[in-house]
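For reference, the structure is listed below as structure tokens.
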Amino acid sequence: MSGHGRTISVDHRLLFLAVPTPVLVLDPNLVIVESNEAYLASTMRSRDELVGRPVFDAFPDNPDDPSASGVNMWGASLRRVLSERVTDVMAIQKYDIPRPEGGFDTRYWAPANAPVFDAGGELRWILHRTEDVTAFMQARQSSPVLDESTAQLLTRTEQMAAEVFARRELQQQNETLHALLDSLDTAVIGCDADGLPVLFNEGARRLFGDLLDGVSVEQWAQQRAVFHPDGRRMHGDDLPLVRALRGQRVRDAEIVVRAPATPRRYFRANGRPVTGQPGLAAVVALHEVTLHRRAARYRECELEISRLISKPYPPDEILAQVVEVLGRTAGWAAVELWTIDDVAQVLRRATCWAEPGYDLPCRLSDPLLRSQGIPGRAWQTSQPVWAANLHADPDAAQQTTDWGPLRAALAIPVPSGSVILAVLICYSDTVENPDDTRTAIMTGVGAHLGEFLARRHAEHLAAELDQSRDEYIALVGHELRTPLTSVQAYTEMMLDDPDTTEDQRSMLQVMRRNTNALHGIVMKLLDVSGMRSGHIDLNMQPMDLSDVVVDAVRTASAPDVTIETNTPPTAPLHGDPDRLRQVVDELLSNALTWASPGSTVGLNLHTDPHAATLAVSNTGTRIPADERDRLFDMFFRSDTARHGGIPGTGLGLTIARTIVEQHGGTITVSEPDEAATTFTVRLPAVAGSRPVVT
């Protein structure tokens with residue numbers, strides 16, 4: 001320390017050793033670690049005799065005194081200090097001490113034991129302070145006629161000294177307790193038997209304010225908006241502190257507190273009645289769980305939104321439901337979604353939801369330009385935008401100057417990659433502090449909506465593309481068929497003319513072959529187009545698939561390739577025999593085309609009461625793994641077919657799959673690593689056993 005311009009160094013050990021009151025220092029194991037000079041003099045010991053020894057080894061009970069209780073009484077006091085971490089003042093007691101020359105010296109002591117804590121709050125030592133009152137006690141015992149007033153004065157003096165010491169320790173403990181309570185985020189409140197607050201910390205003061213100044217806790221519900229978690233208003237009897245005051249133990253009770261113009265705050269309360277403490281009848285601790293509750297609500301909201309956007313409903317209907325779920329579950333007063341008009345480059349309100357009395361945003365005019373209003377600012381910056389106070393926000397003023405009961409807003413861009421598709425706006429009826437947690441969660445919701453909008457847009461484009469392709473195929477097929485029919489008819493007429501020369505006839509036969517091939521392609525195009533649009537009627541009837549397979553094999557041929565069939569005598573099912581013949585022809589032709597010379601193509605048909613299964617297999621060039629999933633795509637031809645000059649249109653397998661699916665069946669191809677390439681067709685044996693795919 002310093003004084004009069006100079007620094008003074010204080011040796012605290014010297015001060016301790018010189019303290020006139022006897023003091024002994026023990027560690028938590030009750031081993032002596034230090035003693036001051038007054039204690040050594042009082043006990044007739046040297047420091048070397050005491051330091052390092054267990055205290056009751058150094059000061060045992062007098063074995064010649066059967067009534068000696070010093071060790072038990074002192075030990076009980078020290079254990080209280082260790083367990084309760086408080087100062088313990090002992091009554092005057094007889095505790096004999098060993099004499100250096102042997103034997104014990106009768107002594108009377110007025111002791112007190114106090115805990116000493118380190119900077120981390122751990123109990124490090126126990127101070128044993130005592131006064132030797134042997135002379136007084138012996139004088140009192142040997143002089144019965146001692147002036148009674150003098151004796152009472154001496155006794156009272158010792159009692160007062162002990163009380164002053166204890167009160168000083170208690171005051172220090174109270175100051176420590178209040179400092180600890182004030183450092184807590186938890187609000188702690190205690191009341192007396194009349195319900196008046198007598199104990200509270202800074203957290204409670206911030207929460208309940210002037211209610212702590214002499215207002216009975218039973219009246220708090222009348223002066224503060226306190227609710228049950230389900231939104232019901234709490235009455236006085238419902239408050240956790242009132243319940244504790246009436247003898248109940250309160251455990252994990254949830255309450256919602258809302259002061260004027262502030263957000264709802266959620267608390268978990270624990271309380272109990274207090275006995276044996278004059279002036280304190282009940283205590284309760286309120287731990288705020290607002291962030292946990294808010295996070296749980298947003299998780300619930302995200303799950304519900306994920307469920308909604310996975311439904312095959314129209315986009316407008318889904319977006320309206322998403323906006324409502326977001327408002328109700330996440331606790332916003334109003335929510336609206338603005339979509340971007342790519343042509344006009346403006347924002348238009350797509351949907352809006354609001355709690356009763358908060359529908360102002362839904363009535364404001366649109367469209368908004370880029371950077372205009374809160375939505376326009378979010379669109380322009382591609383970043384979340386907080387309007388913490390709508391009545392003072394310049395962007396909000398571009399939409400309206402009167403926001404009614406609404407106080408704050410959060411705008412979230414809805415992206416698809418680097419492109420902003422929409423802006424989501426959430427409104428609150430309280431002034432808000434920008435919240436990173438809510439911003440991050442709402443940004444995640446915006447990303448979900450962006451994925452949904454992008455996916456639906458892609459699905460719409462794909463549907464339009466499919467429709468355009470089908471219309472184009474149908475148009476090409478119809479436009480080609482008419483002139484092609486004429487060419488075929490005139491070719492046949494010229495071939496039938498007896499005046500046609502041999503050279504002319506040879507050229508006409510080439511024309512006939514090519515026009516027939518072209519006619520086959522046109523018919524396949526029309527088949528595919530009609531089947532995809534569901535405009536082809538199947539001639540469904542009882543039939544035998546075995547007959548179809550046998551007839552197809554009879555008319556098929558390929559040099560150096562053997563065809564083996566394995567069919568049951570009959571394979572009855574309900575189908576169109578002509579269309580299923582197309583399927584068998586296509587699969588058999590495909591197998592023969594790719595079969596290795598000298599190999600075998602197999603057709604295996606078997607049935608059960610529920611389905612018929614046809615497998616067509618060949619060994620030869622394997623299907624590359626990256627082409628396997630595209631085999632049934634329209635116009636797809638493998639690199640090997642295109643570069644090897646193998647003829648084909650890329651329509652055969654497409655038609656085969658379409659016919660099979662029209663019959664309610666499936667067609668699959670084996671894995672690339674299998675020894676043989678096998679196409680497997682499964683057809684229901686009973687009509688209507690599987691829905692037809694259109």
Note, Pro384 side chain near Met442 side chain (heavy atom, < 4.5 Å): no
For His228, look at atom NE2 and say whether over 12 heavy atoms of other residues, nucleotides or ligands are found less than 6.0 Å away. yes
Could you tell me how the ring of Trp74 sits relative to the ring of Tyr95: parallel (under 30°), tilted (30 to 60°) or perpendicular (over 60°)? perpendicular
Before accepting this row, confirm whether a basic side-chain N of the pair Glu304/Arg307 lies closer than 4.0 Å to the acidic partner's carboxylate O. yes
Within 6.0 Å of CG in Asp11, more than 12 heavy atoms from elsewhere: yes
Interatomic spacing from OH in Tyr108 to OG1 in Thr130 - rounded to 0.5 Å: 14.0 Å
Considering non-hydrogen atoms only, spot the tightest contact between Ala281 and Asp192 and give its length. CB-C, 3.5 Å
With a cut-off of 6.0 Å (strictly less than), are more than 12 heavy atoms of other residues, nucleotides or ligands near CZ of Arg249? no
Interatomic spacing from CD1 in Ile97 to CG in Asp132 - rounded to 0.5 Å: 7.5 Å
Closest contact, heavy atoms only, Arg47 versus Ser35: NH2-O, 2.8 Å
Backbone of Thr186 reached by a side-chain donor or acceptor of Asn201 within 3.5 Å: yes
Using every non-hydrogen atom in the two residues, find where Arg407 and Thr430 come nearest and quote the distance to one decimal. CB-C, 3.3 Å
Assess, by modelled atom type and distance only, whether the side chains of Gln219 and Ser216 contain a donor and an acceptor separated by less than 3.5 Å. no
Does the salt bridge (Lys or Arg N to Asp or Glu O under 4.0 Å) test come out yes or no for Asp65 and Lys94, once each step is laid out? CA-CA 11 Å; Asp65 184 358; Lys94 178 176 177 293; 2.7 Å; yes
Between Ile255 and Leu286, does the side chain to side chain contact (heavy atoms under 4.5 Å, CB included) criterion hold? Intermediate values first, please. CA-CA 9 Å; Ile255 68 170; Leu286 301 173; 4.1 Å; yes
Under the 3.5 angstrom rule, does the side chain of Asp237 hit a backbone N or O of Val242 as a donor-acceptor pair? no
Is it true that a side-chain atom of Trp220 and a backbone atom of Val215 form a donor plus acceptor pair closer than 3.5 Å? yes
CZ of Arg129 to CG of Leu24, rounded to nearest 0.5 Å, is 13.5 Å
Mind listing the side-chain donor-acceptor pairs of residues 328-336 below 3.5 Å, one per line with the distance, residues two or more places apart or on another chain?
from, atom 1, to, atom 2, distance (Å)
Arg328, NE, Glu324, OE2, 3.0
Thr329, OG1, Val325, O, 3.0
Trp332, NE1, Tyr298, OH, 3.2
Glu336, OE1, Trp338, NE1, 3.4
Glu336, OE1, Arg349, NE, 2.9
Glu336, OE2, Trp338, NE1, 3.1
Glu336, OE2, Tyr427, OH, 2.6

Is there a side-chain contact between Val385 and Leu410, using heavy atoms and a 4.5 Å cut-off? no
Arg377: which of Asp393, Val423, Asp395 passes side chain to side chain contact (heavy atoms under 4.5 Å, CB included): Asp395
Is there a side-chain contact between Leu196 and Cys191 in this structure, where contact means two heavy atoms from C-beta onward sitting under 4.5 Å apart? no
Any sub-3.5 Å donor-acceptor pair from His391's side-chain atoms to Ala396's backbone N or O? no
Using modelled atom types and a 3.5 Å cut-off, is there a donor and acceptor pairing between side-chain atoms of Asp96 and backbone atoms of Phe104? no
With distance as the sole test, does Arg45 use its side chain to make a donor-acceptor pair with the main-chain N or O of Leu40 at under 3.5 Å? no
Could you grab the distance from atom CG of Asn36 to atom CG of Leu14, nearest 0.5 Å is fine? 12.5 Å
Looking at every heavy atom in both Val81 and Asn113, which two are closest together, and how far apart are they? CG2-O, 3.6 Å
For Gln93 and Gly70 the tightest heavy-atom approach is OE1-CA, 3.6 Å
Would you say that Met234 contacts Phe227 through its side chain, given a criterion of any heavy-atom pair below 4.5 Å between the two side chains? no
Passes side chain to side chain contact (heavy atoms under 4.5 Å, CB included), Glu101 versus Met44? Steps please. CA-CA 11 Å; Glu101 65 276 9; Met44 300 179 293; over 6 Å; no
Side-chain heavy atoms of Asp238 within contact of Val226, under 4.5 Å: no
Minimum heavy-atom separation for Gly195 to Leu245, with atom names? CA-CD2, 3.7 Å
Chi angles and distances behind the side chain to side chain contact (heavy atoms under 4.5 Å, CB included) call for Ile412, Val445: CA-CA 9 Å; Ile412 297 293; Val445 172; over 6 Å; no
Contact check, side chains of Thr439 and Pro434, non-hydrogen atoms, under 4.5 Å: no
Checking Leu82 against Ile126 for the side chain to side chain contact (heavy atoms under 4.5 Å, CB included) test, could you report, in this order, the C-alpha distance in whole Å, the side-chain angles of both residues, the deciding distance, and whether it holds? CA-CA 8 Å; Leu82 289 171; Ile126 299 176; 3.8 Å; yes
Is there a donor-acceptor contact under 3.5 Å from the side chain of Arg107 to the main chain of Ser42? yes
Please tell me if the side chains of Asp61 and Asn72 come closer than 4.5 Å, counting only heavy atoms from C-beta onward. no
Side chain Arg205, main chain Phe200, donor-acceptor under 3.5 Å: no
Quick check against the 3.5 Å criterion: does Thr401 have a side-chain atom that pairs as donor or acceptor with the backbone of Ala397? no
Please check if the side chain of Thr290 supplies one atom and the backbone of Tyr266 the other of a donor-acceptor pair under 3.5 Å. yes
Leu78 versus Phe56: any side-chain heavy-atom pair under 4.5 Å? yes
